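One structure below.
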Amino acid sequence: MCGIVGYIGNRDAYPVLIKGLKRLEYRGYDSAGVALINAQGQLDVYKTKGKVADLENFVVEKDVSGTIGIAHTRWATHGEPNSANAHPHVSSSRNLALVHNGIIENYATIKAKLLAKGYKFCSETDTEVLVQLIEYVQISNHLSLFKAVQLALRQVIGAYAIAVLDKKNPKEIVVARKSSPLVIGVGDNEYFVGSDASPIVEYTNKVVYLKDGEIACITLGKDLEIVNLNNVKMVPEIKDVEFNLGKLEKGGYPHFMLKEVFEQPDCIIDCMRGRVNVESQKVLLSAVIDHKDKLLNARRFIIVACGTSWHAGLIGKRLIESFCRIPVEVNYASEFRYSDPLIDERDVVIAISQSGETADTLAAIELAKSKGAFIYGICNAIGSSIPRSTETGSYIHVGPEIGVASTKAFTGQVTVLTILALALAQEKHTMTKELFIKVLDELNRIPEKMKEVLYLDQQISNLAKIFTYAHNFIYMGRGYSYPVALEGALKLKEISYIHAEGYPAAEMKHGPIALVDIEMPVVVIATSGSLYEKVVSNVQEIKARKGRIIAIVTKGDQVISKMADWIIEIPETLECLDPLLTTLPLQLLAYHIAVCKGMNVDQPRNLAKSVTVE
Ligand code: M6R
């Protein structure tokens with residue numbers, strides 16, 4: 001994780017860097033720091049524990065002048081979040097400053113060698129080892145910074161995106177990447193660096209996405225120079241990037257998470273645009289049109305993802321198996337990558353990721369590719385690493401998601417998976433025309449029905465007050481609602497720090513029901529559908545143990561409504577589309593409980609939006 005920003009040009013670098021860090025704070029917010037070279041050639045490094053705002057307070061009345069600088073916002077991996085471990089890290093001579101996103105796996109071996117040569121370290125980080133190594137290589141071989149970075153990185157095992165400054169050469173920033181993203185913005189006699197394009201787009205829409213294993217020398221007044229680790233010259237591919245800056249603001253909402261929850265009806269419209277055509281009764285998904293043979297003849301689909309995206313994958317499995325009769329496996333990417341999977345060119349791997357940067361998902365893709373599988377990406381962040389490493393895919397088009405708790409990305413992913421399942425079924429003729437049209441029509445109505453659910457915000461906010469002091473929560477559901485139970489529990493734990501578990505409702509009696517007593521809130525997703533009667537029995541079992549039931553039911557429900565302590569009524573839809581509605585009250589419940597508890601909803605402790613370390 002961690003966010004990197006850099007600037008070289010004729011503006012004051014500090015405001016550009018601070019603004020950029022704020023845009024990247026979703027990547028980590030344990031500590032922040034900045035390094036600038038001022039007009040006198042002095043290297044100033046300021047860093048502090050905490051958020052970017054803490055850094056701003058820290059530098060008040062300090063010299064932040066200079067037109068070249070690098071900056072960092074950290075999600076701690078090696079060493080606790082304190083100012084010593086904060087980036088930038090400087091070399092022993094204090095000539096070099098470096099910011100890093102990733103993990104240097106062999107840092108201990110390199111550190112031992114440098115210690116033996118007399119190097120001293122001020123932090124516990126792998127990053128400080130890297131800056132010292134670069135300096136050691138530079139001094140012992142009399143090299144330019146560019147060359148020294150190249151040689152030093154040949155000794156490094158791990159993942160990195162780095163930006164390095166040398167105070168002896170204040171017209172140059174050297175950057176490099178392997179498995180962690182890095183973007184260079186090309187302006188008019190100025191350059192920008194970012195972990196993604198968000199710190200850059202305000203100034204230029206011309207960007208170069210550095211490729212894995214590439215090192216770039218960014219020199220003021222010169223064209224970009226890019227080489228790979230073997231010193232082979234690479235041609236920079238300058239691309240145009242589209243970005244709506246308004247979407248990076250809160251737009252009047254107290255938190256990004258709440259804004260993103262309320263954006264969902266519009267997001268689903270954007271996600272369906274051009275893909276779902278009710279008049280012609282067709283779905284159009286370019287990836288399916290372009291790769292029909294590969295997809296239709298797949299022996300099976302294997303979904304790889306993490307966290308919320310994995311929950312979406314569980315729903316995708318049901319949709320694809322039910323609509324297309326193609327077997328689907330769903331794997332945690334982190335488990336898949338080390339599982340020696342039985343997979344070959346007959347398989348299609350679907351990688352789902354909001355950020356498109358999740359290290360485990362990227363590694364799962366590389367493994368699947370090496371075995372010959374065809375890779376389909378479902379991502380949100382345009383131009384991120386996963387879409388660039390997959391053969392085809394579909395963006396979910398829900399716009400930037402800033403809140404660490406994923407909300408609109410989940411419903412966007414489920415929507416794309418629904419469209420994918422329909423597109424495949426359309427080609428395979430595995431659904432009756434009647435059912436196909438019914439799903440299509442109903443999918444088209446989801447945004448309006450989502451709006452109805454969002455009207456319940458006040459009711460849910462009142463309900464949340466009752467549970468502010470709960471220590472545990474159980475979420476249960478069956479069929480399509482089981483992944484929703486997992487997602488509801490994940491939302492609650494990550495932003496309110498209340499322990500919560502999601503279970504398939506019928507599994508309760510195999511152990512977890514022992515936890516149920518009068519103190520235990522149990523959220524049941526109990527909408528009408530084929531498993532409704534079964535869920536009624538499961539609710540009865542909870543009731544008999546005095547559990548306190550909050551039920552998400554279909555409007556007009558007569559049975560569970562009478563058994564539950566609290567009900568949240570949502571509009572009726574098809575069972576297979578239920579998750580697109582039932583997830584919303586659970587997002588709101590988690591949100592309001594966290595707000596009542598005074599938690600930092602958008603930046604919960606220990607988490608980051610983009611998990612670029614394994
Ligand atoms: O960007 P990705 O979808 O690959 O991220 C996967 C998970 O890290 C992410 O969904 C995480 O679980 C969220 N914080 C959940 O709200």
Side-chain angles (χ1 to χ4, degrees), residues 1 3 24-29 75 179-181 195-196 255-258 260-261 264 303-316 330-337 349-365 375 377-390 393-396 398-414 416-417 475 483-484 486-497 500 502 583-584 586-591 594 599-614:
M1 282 92 96
L24 290 178
E25 220 171 5
Y26 72 87
R27 301 178 69 87
Y29 33 81
W75 185 82
S179 305
S180 295
S195 293
D196 66 28
H255 298 100
F256 280 110
M257 180 182 174
L258 191 64
E260 288 158 6
V261 167
Q264 289 176 104
I303 295 178
V304 291
C306 304
T308 287
S309 300
W310 182 77
H311 297 156
L314 294 176
I315 296 169
V330 189
N331 286 278
Y332 283 118
S334 53
E335 289 296 316
F336 178 85
R337 64 184 290 191
V349 167
I350 303 180
I352 309 176
S353 173
Q354 185 288 128
S355 61
E357 299 294 352
T358 301
D360 285 321
T361 311
L362 270 162
I365 290 171
I375 321 288
I378 296 182
C379 292
N380 188 34
I382 313 271
S384 54
S385 300
I386 292 178
R388 285 184 289 120
S389 69
T390 49
S394 308
Y395 281 115
I396 60 173
V398 299
E401 192 181 64
I402 312 288
V404 164
S406 191
T407 52
K408 60 179 181 173
F410 176 75
T411 45
Q413 290 162 345
V414 172
V416 163
L417 286 160
Y475 288 71
V484 176
L486 295 176
E487 177 59 9
L490 177 62
K491 286 294 88 89
L492 186 71
K493 31 189 165 193
E494 65 180 335
I495 59 171
S496 72
Y497 319 147
T583 308
L584 274 53
L586 304 189
Q587 295 168 343
L588 287 171
L589 184 64
Y591 170 79
M599 298 306 181
N600 186 340
V601 171
D602 285 333
Q603 296 180 333
R605 71 182 180 202
N606 306 342
L607 299 179
K609 185 74 185 157
S610 196
V611 185
T612 56
V613 292
E614 76 161 294

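Just so you know, these numbers come straight off a predicted model, no measurement behind them. In listed order, ligands and their atoms are each counted from 1. Reckoned from all heavy atoms, side chains included, excluding hydrogens, waters and symmetry mates.
When the options Ala312, Gly307, Cys306, Ser353 are ranked by their closest heavy atom to atom 6 (C) of ligand 1, first place goes to Cys306.
Listed by number with element, the atoms of ligand 1 under 4.0 Å from a non-hydrogen atom of Val404 are 13 (C), 14 (N), 16 (O). Of all atoms in ligand 1, numbered sequentially from 1 with element shown, those under 4.0 Å from a heavy atom of Ser309 are 2 (P), 3 (O), 10 (O). Within the listing of ligand 1, atoms 15 (C), 16 (O) sit less than 4.0 angstrom from a heavy atom of Lys491. Close contacts between ligand 1 and Val611 involve ligand atoms 8 (O) [criterion: under 4.0 Å to a heavy atom]. Heavy-atom contacts of Ala405 reach the following atoms of ligand 1: 16 (O) (cutoff under 4.0 Å).
Taking the six-membered ring where tryptophan is involved, the planes of Trp310 and Tyr332 are essentially parallel, since the angle between them stays under 30° and well short of 60°.
A donor-acceptor pair under 3.5 Å is formed between the side chain of Tyr497 and the backbone N or O of Arg605. Side chain of Gln413 to main chain of Gly313: no donor-acceptor pair is present (N/O by atom type, distance under 3.5 Å, no hydrogens or angles).
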> Stepwise, does the side chain to side chain donor-acceptor pair (under 3.5 Å) test hold for Glu401 with Ser406?
Replying inline: CA-CA 7 Å; Glu401 192 181 64; Ser406 191; 3.0 Å; yes
>> Quick one, Thr361 with Cys306, criterion side chain to side chain contact (heavy atoms under 4.5 Å, CB included). Give me CA distance, side-chain angles, the key distance, then yes/no.
In response: CA-CA 7 Å; Thr361 311; Cys306 304; 3.6 Å; yes
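When hydrogens are left out, the protein atom nearest atom 4 (O) of ligand 1 is Thr358 OG1, 2.4 Å; that is the closest non-hydrogen contact. When hydrogens are left out, the protein atom nearest atom 1 (O) of ligand 1 is Ser355 OG, 2.6 Å; that is the closest non-hydrogen contact. The nearest protein atom to atom 16 (O) of ligand 1, hydrogens excluded, is given as Glu494 OE2, 2.3 Å; this is a heavy-atom distance.
Between Gln354 and Lys609, the closest side-chain pair of non-hydrogen atoms falls below 4.5 Å.
Every heavy atom of Thr361 sits 4.0 Å or more from the atoms of ligand 1.
Closest approach of Ser496 to Met599, counting heavy atoms only: O-CE, 3.9 Å. In this structure, Gly316 and Leu417 approach most closely via the heavy-atom pair CA-CD1, 3.9 Å.
On a distance-only criterion, Gln413 and ligand 1 share no N/O pair closer than 3.5 Å.
Heavy atoms from both the backbone and the side chain of Thr308 come within less than 4.0 Å of ligand 1.
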